[in-house]
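Quick notes on the structure that follows.
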Amino acid sequence: MSQSLIAPIDKEIKLADFDPNYKGGYKRKRDVEGKLRKIINKIIELQELLYSENNNALLLVLQAMDAGGKDGTIKHVMGAVNPQGCDVKNFKVPSAEETAHDFLWRYHMAAPRKGKIVIFNRSYYEDVLVVRVHNLVPKSVWGKRYQHINDFEQMLVENGTTILKFYLHISKDEQKKRFEDRLNRADKHWKFSDADLREREYWDQYMEAFETVLNKCNTKIAPWHIVPANNKWYRDLVIGKTVVTALEKLKMKYPEPERDFSDIEIKD
Ligand code: ADP
């Protein structure tokens with residue numbers, strides 16, 4: 001059975017209806033390697049067009065449970081893009097300065113200008129995820145943020161930003177495997193933290209918080225993509241394809257030269 005990638009807008013989303021193991025009919029990584037290479041080359045080409053045309057911006061929002069694959073997605077799907085045109089912004093616990101502003105301030109400052117791609121590795125959605133799960137602010141405060149987020153996204157879209165939101169959907173078992181892998185490999189120890197284990201205990205509360213996000217902040221202009229992410233290669237394939245489709249939709253063109261070049265002669 002095929003599984004929708006875009007979360008439906010008109011019916012209640014239950015994460016249990018989305019299989020994190022789904023592979024779109026493919027069996028193994030080898031089946032998609034060639035396709036992924038082509039997709040990445042296309043992204044490189046389209047990014048150059050975006051940069052030269054300087055008219056649109058692209059914001060990728062990545063959200064997931066710990067070990068969900070945000071870092072891997074950035075490395076494997078976007079890693080070959082010209083670094084001049086693409087920034088990655090990681091959002092951690094807000095600083096005192098950031099907390100002194102409204103919750104969207106630090107994200108707005110980091111949003112892409114025209115011509116650029118920006119990847120949010122975590123985002124303003126943390127302000128209704130970790131903040132909600134751990135009661136970091138009262139419900140009367142975080143409860144209003146879904147609407148603030150929808151309004152913020154609408155404003156960015158109306159200003160020429162395409163927003164692609166990806167929830168990397170892994171199972172609790174897959175997270176366990178990935179944590180174990182981090183513990184068993186010396187080159188991955190640096191990725192392991194006790195905090196990740198503490199957060200794992202809140203799995204169910206996070207799932208509930210994610211479901212609310214997927215239901216309240218899933219709009220026509222900025223829909224959520226629920227990416228089956230237990231298989232890294234399938235995750236990369238669908239995210240890559242989505243980026244290509246979104247950039248192609250912009251119907252970008254290289255800017256016309258400012259004048260006729262035919263009389264220019266480059267002297268020896
Ligand atoms: P990552 O897991 O993204 O690689 P870290 O391990 O440094 O990076 O985790 C960043 C931490 O910052 C996470 O625990 C996350 O919950 C927290 N964080 C991010 N945004 C916020 C926020 N708005 N409020 C509180 N904590 C946040």
Side-chain angles (χ1 to χ4, degrees), residues 59-79 86-111 118-153 156 163 165-172 174-183 185 187-214 216-217 227 229 232 235-236 239:
L59 173 62
L60 306 187
V61 172
L62 297 180
Q63 287 290 163
M65 292 298 283
D66 291 317
K70 295 181 281 93
D71 294 348
T73 302
I74 295 168
K75 182 170 160 186
H76 297 293
V77 182
M78 302 303 290
C86 180
D87 297 329
V88 180
K89 307 279 182 183
N90 297 290
F91 295 102
K92 314 263 174 184
V93 177
S95 66
E97 174 70 14
E98 287 166 344
T99 311
H101 288 82
D102 67 88
F103 83 101
L104 286 170
W105 178 74
R106 64 173 179 163
Y107 307 103
H108 200 178
M109 299 265 285
V118 169
I119 304 165
F120 279 3
N121 184 357
R122 299 184 188 270
S123 68
Y124 38 89
Y125 284 103
E126 291 295 331
D127 296 84
V128 284
L129 291 165
V130 64
V131 168
R132 167 177 164 164
V133 169
H134 292 290
N135 298 309
L136 301 181
V137 299
K139 184 173 182 186
S140 57
V141 175
W142 62 253
K144 293 201 177 106
R145 289 183 173 171
Y146 302 99
Q147 190 58 47
H148 293 149
I149 288 173
N150 288 345
D151 291 342
F152 174 61
E153 289 182 343
L156 292 184
I163 305 176
K165 302 187 296 198
F166 298 104
Y167 168 61
L168 312 184
H169 186 33
I170 59 162
S171 62
K172 200 173 177 191
E174 179 64 21
Q175 189 193 51
K176 181 169 186 253
K177 268 195 226 151
R178 292 185 187 184
F179 282 167
E180 284 169 349
D181 192 43
R182 287 177 183 186
L183 288 171
R185 285 179 50 180
D187 63 330
K188 293 222 181 157
H189 283 170
W190 66 276
K191 278 201 147 206
F192 186 81
S193 88
D194 287 336
D196 291 349
L197 282 191
R198 279 196 300 277
E199 290 309 287
R200 180 172 163 82
E201 289 176 27
Y202 293 90
W203 182 275
D204 292 343
Q205 288 91 322
Y206 271 107
M207 287 304 110
E208 207 179 310
F210 269 116
E211 269 180 357
T212 309
V213 159
L214 293 169
K216 286 193 183 249
C217 299
V227 182
K232 296 172 182 174
R235 169 201 77 199
D236 293 345
I239 294 180

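We count ligands from 1, going down the list as the structure has it; atoms in each ligand are counted the same way. The analysis underlying the following values was restricted to heavy atoms, covering all of them including side chains, and did not include hydrogens, waters or symmetry mates.
- Between H148 and F103, the ring planes lie tilted relative to each other; the angle falls in the 30° to 60° range.
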| Hey, mind stepping through H76 and R235 against side chain to side chain contact (heavy atoms under 4.5 Å, CB included) and telling me if it holds? | CA-CA 10 Å; H76 297 293; R235 169 201 77 199; 4.3 Å; yes
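- Between the side chains of Y124 and E153, at least one donor N or O sits under 3.5 Å from an acceptor N or O.
- Applying the salt bridge (Lys or Arg N to Asp or Glu O under 4.0 Å) rule to K176 yields the partners E180; only residues at least two apart in sequence or on another chain are considered.
- Legend: residues meeting salt bridge (Lys or Arg N to Asp or Glu O under 4.0 Å) with E199, ordered by chain and number and at least two apart, are absent.
- If you look at ligand 1, the protein residues with a non-hydrogen atom under 4.0 Å away are D66, K70, F91, K92, V93, P94, R106, Y107, R122, E126, D127, V130, V131, L136.
- Listed by first and then second residue, the salt bridge (charged side-chain N to carboxylate O under 4.0 Å, His left out) pairs involving residues 59-74 are D66-R122, D71-K191 (not counting sequence neighbours).
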